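Quick notes on the structure that follows.
Everything numeric in this text was worked out from a predicted model, so none of it was measured.
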Amino acid sequence: MDATTEKFVASRSSTVDSTAAMRGCGLANLTWVGVDKEELRQRLLMPEYLRLAMRDCIKRKDASAIPDHLLLPGGGVADMAPHAPMVVFINPKSGGRHGPVLKERLQQLMSDEQVFDLTEVKPHEFVRYGLACLEKVAAEGDECAKECRARLRIMVAGGDGTVGWVLGCLGELNKDETSHIPPVGVIPLGTGNDLSRSFGWGGSFPFAWRSAVKRTLHRASMGPVARLDSWKILVSMPSGEVVDPPYSLKASEENELDQGLEAGVDAPPVAKTYEGVFYNYLSIGMDAQVAYGFHHLRNTKPYLAQGPISNKLIYSGFSCTQGWFCTPCVSDPGLRGLRNILKIHIKKVNCSQWEEIAVPKNVRSVVALNLQSYGSGSHPWGNLKPDYLEKRGFVEAHSDDGLIEIFAFKHGWHASFVMTELISAKHIAQAAAVRFELRGGDWKDAFLQMDGEPWKQPMNPEYSTFVEIKKVPFQSLMINGA
């Protein structure tokens, strides 16, 4: 082989390796096909008069506060609307040091008015004032505004929690059954990024992010739309107990526990209720306790959490120190398993009756999972064989099938083998609705987490705390990036 041939082979090999590395570190299926910046801008950029009208309405928090000088006489025509008008929400606190520079890059590729910093503009403000402004202009006969509203797509640059926040606010549009729900894509800036992985957007922020962002926006403008189930959670606890819930759980005045299953004498005479929505998972037990410790440290010492790698190192340290891998010798052996404090009732699909499911012995974490991806890309439910599915009465799991998978981990070592997909988790059930009942006794606190947001749940020795999960009647729309 002569020198010229060797140089060509080496160059080709380097290109292939670089492409593989890009795919491995995020924003899946990137190719080296160039995306022209101006062509991309034309596909995404809304006319200036609409951008400025939406900006002013959001700023004034009034969907009707549209200055007359911004509107076109006679309204815009449909041909003025871009192929895929797009807005981006970015969480600048995610992605370590990348958040602010990514925001600047997105503004260069689109416009300042179509990139929303979540520390300045909240998703519900965009829905109530920005989208409502666009709809108002369209209702007055502006065909361009009408087409922009119908074609609108949204990208979220952040972690799973940020994506869920945006999806939840867009869910407000379902109250008006005539409103078009914009589909959502993801630029993964979080630690786990399981929502991003599930819909083909990759698991991490790529090193060559400047060129990757262009290709990502291009794919987002053309990607097919998929559906995603969402699940409502209701936490009913004895009144008087103090809890600091995550921001996705809101206090509710009504106790809406399913009347088809009586709580009995364990129900508190007066209950305090919280409700929320999750898209990925709810877990109870040791994994949530580890997450709670990690989040507490990150909030008190934010300089330690500078990106996904450092976050995962800290998380691993908490796993070892809080007993996930080894129960301390001083612990009461009777308190090692959730079986001591937990009851599970489920409703199967197309069934109105609740049935109790036994909690497996010695499990220390129970998870209710909606997606195929959990814990940074693992598939703990596993790819189950048809014979096993039939034997257990299960069906193949999908994120839009109206079912949620319930499984358990025995301890950290068991979870490690499951996460590396050497074995499957301990399968418990597949259900259309779930009720967890937690009873304290000698336990003072339990730990729960929902889509990565953990909290400490106080336990009452006399009365139970109920956590009920039911499917939200509408589905979210996701842009598939694969």
Side-chain angles (χ1 to χ4, degrees), residues 161 233-252 255 257 263 266-276 278 281-301 314-315 317-344 359-368 406 408-412 415 434-469:
I233 173 178
L234 186 74
V235 180
S236 177
M237 55 186 285
S239 181
E241 300 289 355
V242 179
V243 62
D244 183 20
Y247 74 86
S248 55
L249 273 183
K250 307 299 182 185
S252 174
N255 188 344
L257 287 174
D266 293 331
V270 181
K272 181 191 299 184
T273 307
Y274 294 87
E275 62 181 14
F278 71 90
Y281 69 92
L282 172 95
S283 72
I284 301 173
M286 183 59 74
D287 68 320
Q289 182 174 345
V290 172
Y292 182 82
F294 166 73
H295 277 256
H296 178 72
L297 177 68
R298 188 170 64 174
N299 290 337
T300 55
K301 300 180 180 179
I314 296 171
Y315 208 96
F318 264 101
S319 297
C320 295
T321 59
Q322 295 197 17
W324 185 214
F325 285 90
C326 180
T327 303
C329 296
V330 295
S331 295
D332 181 348
L335 302 183
R336 291 183 181 180
L338 288 176
R339 198 174 188 175
N340 297 282
I341 64 165
L342 182 66
K343 289 182 180 179
I344 303 176
V359 179
K361 186 179 180 181
N362 295 329
V363 299
R364 301 178 67 196
S365 175
V366 171
V367 182
I406 307 168
F409 297 125
K410 295 180 179 179
H411 43 65
V434 187
R435 182 187 288 183
F436 296 112
E437 180 180 349
L438 295 158
R439 183 72 178 271
D442 293 332
W443 290 56
K444 295 182 179 179
D445 300 295
F447 292 85
L448 293 85
Q449 65 171 330
M450 182 172 73
D451 284 357
E453 294 183 72
W455 75 95
K456 181 163 62 173
Q457 182 66 48
M459 303 286 283
N460 189 293
E462 297 181 10
Y463 299 108
S464 294
T465 293
F466 298 93
V467 180
E468 193 167 277
I469 302 171

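Looking at every heavy atom in both residues, S464 comes nearest to R439 through OG-CD, 3.5 Å. Smallest separation of non-hydrogen atoms from V366 and V363: CG2-CG2, 4.3 Å. Contact record, D287 with S365: OD1-OG, 2.7 Å, taken as the closest heavy-atom pair. Of all heavy-atom pairs spanning F466 and A267, the tightest one is CE1-CA, 4.0 Å. Summarising the geometry of V367 relative to F409, their closest heavy-atom pair is CG2-CE1, 4.1 Å, with the distance given to 0.1 Å. Scanning both residues, L257 and L234, for their nearest heavy atoms gives N-CD2, 3.5 Å.
A donor-acceptor contact closer than 3.5 angstrom is absent between the side chains of W455 and E453.
One finds the CG atom of L282 at 8.5 Å from the CD atom of Q449 (value rounded to the nearest 0.5 Å). Taking OG from S236 and CD from E275, the interatomic distance works out to 11.5 Å, rounded to the nearest 0.5 Å. Once rounded to the nearest 0.5 Å, the distance linking CE of M450 with OG of S283 reads 11.0 Å. The distance from atom CG of L438 to atom CG of N340, rounded to the nearest 0.5 Å, is 12.0 Å. From M237, atom CE reaches atom OH of Y463 across 14.5 Å, with rounding to the nearest 0.5 Å. In this structure, the separation between CZ on F436 and CD1 on I341 is 11.5 Å, given to the nearest 0.5 Å.
Around the NZ atom of K343, the shell of radius 6.0 Å holds no more than 12 heavy atoms that belong to other residues, nucleotides or ligands. Within a 6.0 Å radius of NZ in K444, other residues, nucleotides and ligands contribute 12 heavy atoms or fewer.
A 4.5 Å side-chain heavy-atom check between N362 and K410 finds every atom pair outside the cut-off. Looking only at side-chain heavy atoms (C-beta outward), D451 and Y281 come within less than 4.5 Å of each other.
Side chain of D445 to main chain of M459: no donor-acceptor pair is present (N/O by atom type, distance under 3.5 Å, no hydrogens or angles). Formation of a donor-acceptor pair under 3.5 Å by the Y292 side chain with backbone atoms of L448 is not found in this model.
Paired with V235 under the rule side chain to side chain contact (heavy atoms under 4.5 Å, CB included), one option of K272, E468, Q457 passes, and it is Q457.
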